[in-house]
Protein chains: 2
Amino acid sequence: MPSPLALPLLDADSCSSPLVRTPLDEGRATALALRFKALADPGRLRLLSLIGAHESGEACVCDLTEPLGLSQPTVSHHLKVLREAGLVTSERRGTWVHYRLVPEVLAQLAAELGNDGLWPVASERPAVDGETRTRPTGTTD
Amino acid sequence: MPSPLALPLLDADSCSSPLVRTPLDEGRATALALRFKALADPGRLRLLSLIGAHESGEACVCDLTEPLGLSQPTVSHHLKVLREAGLVTSERRGTWVHYRLVPEVLAQLAAELGNDGLWPVASERPAVDGETRTRPTGTTD
DNA sequence: GATCCAGATCGACAACTGTCAATACAGCGG
DNA sequence: CCGCTGTATTGACAGTTGTCGATCTGGATC
């Protein structure tokens, strides 16, 4: 429970409504962005997916290079990015290096995006309407 | 429902284990990466957070520029990125333009990262061990 | 219409990112 | 010890991204 403390900003002279949650501070935003940056590449997403698709929960680089269609150095680079973001761990066993997902971190990221995260995500709106509201929460796409 | 069809690849001559899920194809990965790219910036995360923090569920640019500490053109640019990624919608009402989150898209992204997403995320492992496994699923950091 | 204000767009620039070929490094088998 | 193979690192380069000042647009007010 994030305890939505209501900060009294606002003069409401113009537009806008009062805040009902503390917005993300810069440090936390930067940290989060680092993780999302790691996810912001098709190759890396496919890498995660490939690793997760293996029955043992892990995969070595040799399994990943070919299905990705990228060069071995590039794959290695992407894996490094994922590792540094904490999304995967690596372990050398003999010749091969095995990568596996870090489910807790992925789950935590999902949670930030989801309902108990940084913003209200479902239809859990306080139903304000003494406000500048004009249009219902319609789907626009 | 992703119906985890088991594709029989593999000769298991070397390392690796069989696939138990279909890995993300390139098109889908690219589409997903586009959305994560939009999230991969501290300013944009704070923007989303700020919008979500408002009681009415929306905010105009004038509310966002100052707490972000970025110039107005930059904020406008970020909002455009978020809008094009489908994460927010904008609506002009008189002088001001109001932005609001698109909860469904955020929730969908969370779902991809989470349990019913692209990779197994909880401790729902099939418990393989006729494999190259050597070490338990320890945290490596 | 002239003016003012909120936002968007443009142009420029530095910083970062994805990619690969070449090379280095680390175990393993002879 | 020497070569082989899997993986990491380096260097280079093109493409993308974040940022801002300057300028444009569009609604509201006088």
Side-chain angles (χ1 to χ4, degrees), chain A residues 11-16 26 29-30 33-48 50-51 58-85 88-100 132 134, chain B residues 11-16 26 29-30 33-48 50-51 58-85 88-100 132 134:
Chain A
D11 49 311
D13 169 50
S14 40
C15 48
S16 109
E26 195 169 337
T30 304
L34 273 180
R35 296 210 199 285
F36 282 126
K37 248 189 251 285
L39 290 172
D41 179 88
R44 287 196 288 268
L45 284 176
R46 296 180 66 207
L47 275 177
L48 289 176
L50 276 166
I51 296 172
E58 58 182 56
C60 67
V61 183
C62 56
D63 291 327
L64 302 171
T65 304
E66 192 217 316
L68 228 63
L70 293 175
S71 73
Q72 178 267 318
T74 301
V75 172
S76 201
H77 164 66
H78 283 316
L79 286 170
K80 183 181 185 178
V81 172
L82 290 173
R83 182 159 25 88
E84 288 178 342
V88 304
T89 57
S90 65
E91 183 194 1
R92 169 156 232 144
R93 279 202 301 275
T95 306
W96 296 291
V97 177
H98 297 253
Y99 283 82
R100 57 170 58 231
T132 14
T134 292
Chain B
D11 50 311
D13 169 49
S14 39
C15 49
S16 107
E26 196 169 336
T30 305
L34 274 180
R35 297 211 199 284
F36 281 127
K37 245 189 254 285
L39 290 172
D41 180 89
R44 287 196 289 268
L45 285 176
R46 295 179 66 206
L47 235 26
L48 289 175
L50 274 166
I51 296 173
E58 63 185 5
C60 68
V61 184
C62 57
D63 290 326
L64 303 170
T65 305
E66 192 218 314
L68 229 63
L70 294 176
S71 73
Q72 178 268 319
T74 301
V75 172
S76 201
H77 164 65
H78 283 317
L79 286 170
K80 183 182 186 180
V81 172
L82 290 173
R83 182 158 25 89
E84 288 177 344
V88 303
T89 57
S90 66
E91 182 193 2
R92 169 157 229 145
R93 279 202 301 275
T95 306
W96 297 290
V97 178
H98 296 254
Y99 283 82
R100 59 171 54 230
T132 16
T134 290

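Each chain gets a letter, A, B and so on, in the order its sequence line appears, and its residues count up from 1. Because only heavy atoms are used, hydrogens play no part in the values below, and waters and symmetry mates are left out as well, while side chains stay in. Remember, it's a predicted structure, so these values are computed and weren't measured experimentally.
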Pick the nucleotide of DNA chain C nearest each of B/Tyr99 and A/Asp41; which residue has the one closer to the 5' end?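 In this pair, the answer is B/Tyr99.
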Would you jot down, in residue-number order, the residues of residues 66-74 of chain B having a non-hydrogen atom under 4.0 Å from DNA chain C? B/Gln72, B/Pro73
[X] [atom1] to [N] [atom2], straight-line distance once rounded to whole Å:
{"X": "A/Glu58", "N": "D/dG6", "atom1": "CD", "atom2": "P", "value": "17 Å"}
{"X": "B/Leu39", "N": "D/dT17", "atom1": "CG", "atom2": "C1'", "value": "16 Å"}
{"X": "A/Leu79", "N": "C/dT19", "atom1": "CG", "atom2": "P", "value": "12 Å"}
{"X": "A/Leu34", "N": "C/dT17", "atom1": "CG", "atom2": "P", "value": "9 Å"}
{"X": "B/Leu82", "N": "D/dT17", "atom1": "CG", "atom2": "P", "value": "14 Å"}
{"X": "B/Leu47", "N": "D/dT19", "atom1": "CG", "atom2": "P", "value": "11 Å"}
{"X": "B/Glu91", "N": "C/dA6", "atom1": "CD", "atom2": "P", "value": "19 Å"}
{"X": "B/Glu26", "N": "C/dG18", "atom1": "CD", "atom2": "C1'", "value": "14 Å"}

Check residues 64-73 of chain B and write down every donor-acceptor pair under 3.5 Å in which the side-chain atom is one partner and the other belongs to a residue at least two apart or another chain.
{"residue": "B/Thr65", "atom": "OG1", "partner": "B/Val61", "partner atom": "O", "Å": "3.1"}
{"residue": "B/Ser71", "atom": "OG", "partner": "B/Thr74", "partner atom": "N", "Å": "3.3"}
{"residue": "B/Ser71", "atom": "OG", "partner": "B/Thr74", "partner atom": "OG1", "Å": "2.9"}

Atom pair CZ/OG1 of B/Arg46 and A/Thr30 - distance to nearest 0.5 Å: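 Here the rounded value is 8.0 Å.
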So B/Leu50 and B/Asp63, do their side chains get closer than 4.5 Å, heavy atoms only? no
Just by protein heavy atoms under 4.0 Å, how would nucleotides 11-16 of chain C read 5' to 3' in B, S and -? ------
Detail all sub-3.5 Å separations between protein N/O atoms and N/O atoms belonging to nucleotides 24-30 of chain D.
none

Pairs under 3.5 angstrom only: tabulate donor-acceptor contacts from the side chains of residues 35-45 of chain A to other protein residues two or more places apart or in another chain.
{"residue": "A/Arg35", "atom": "NH1", "partner": "A/Ala85", "partner atom": "O", "Å": "2.5"}
{"residue": "A/Lys37", "atom": "NZ", "partner": "B/Ala40", "partner atom": "O", "Å": "3.2"}
{"residue": "A/Asp41", "atom": "OD2", "partner": "A/Gly43", "partner atom": "N", "Å": "2.8"}
{"residue": "A/Asp41", "atom": "OD2", "partner": "A/Arg44", "partner atom": "N", "Å": "3.1"}
{"residue": "A/Arg44", "atom": "NE", "partner": "A/Ala38", "partner atom": "O", "Å": "2.7"}
{"residue": "A/Arg44", "atom": "NH1", "partner": "A/His78", "partner atom": "ND1", "Å": "3.1"}
{"residue": "A/Arg44", "atom": "NH2", "partner": "A/Lys37", "partner atom": "O", "Å": "3.1"}

Side chain of B/Arg92, backbone of B/Gly94: donor and acceptor closer than 3.5 Å?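 Such a contact is found between B/Arg92 side chain and B/Gly94 backbone.
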Kindly point out which of D/dT7, C/dG18, D/dT9 is positioned nearest to the side chain of A/His78?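 That would be C/dG18.
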Got a sec, which residues hit side-chain contact (heavy atoms from CB on, under 4.5 Å) with B/Arg83, two or more places apart in sequence or on another chain?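 With neighbours one apart ignored, the set is B/Lys80, B/Val88, B/Ser90, B/Tyr99.
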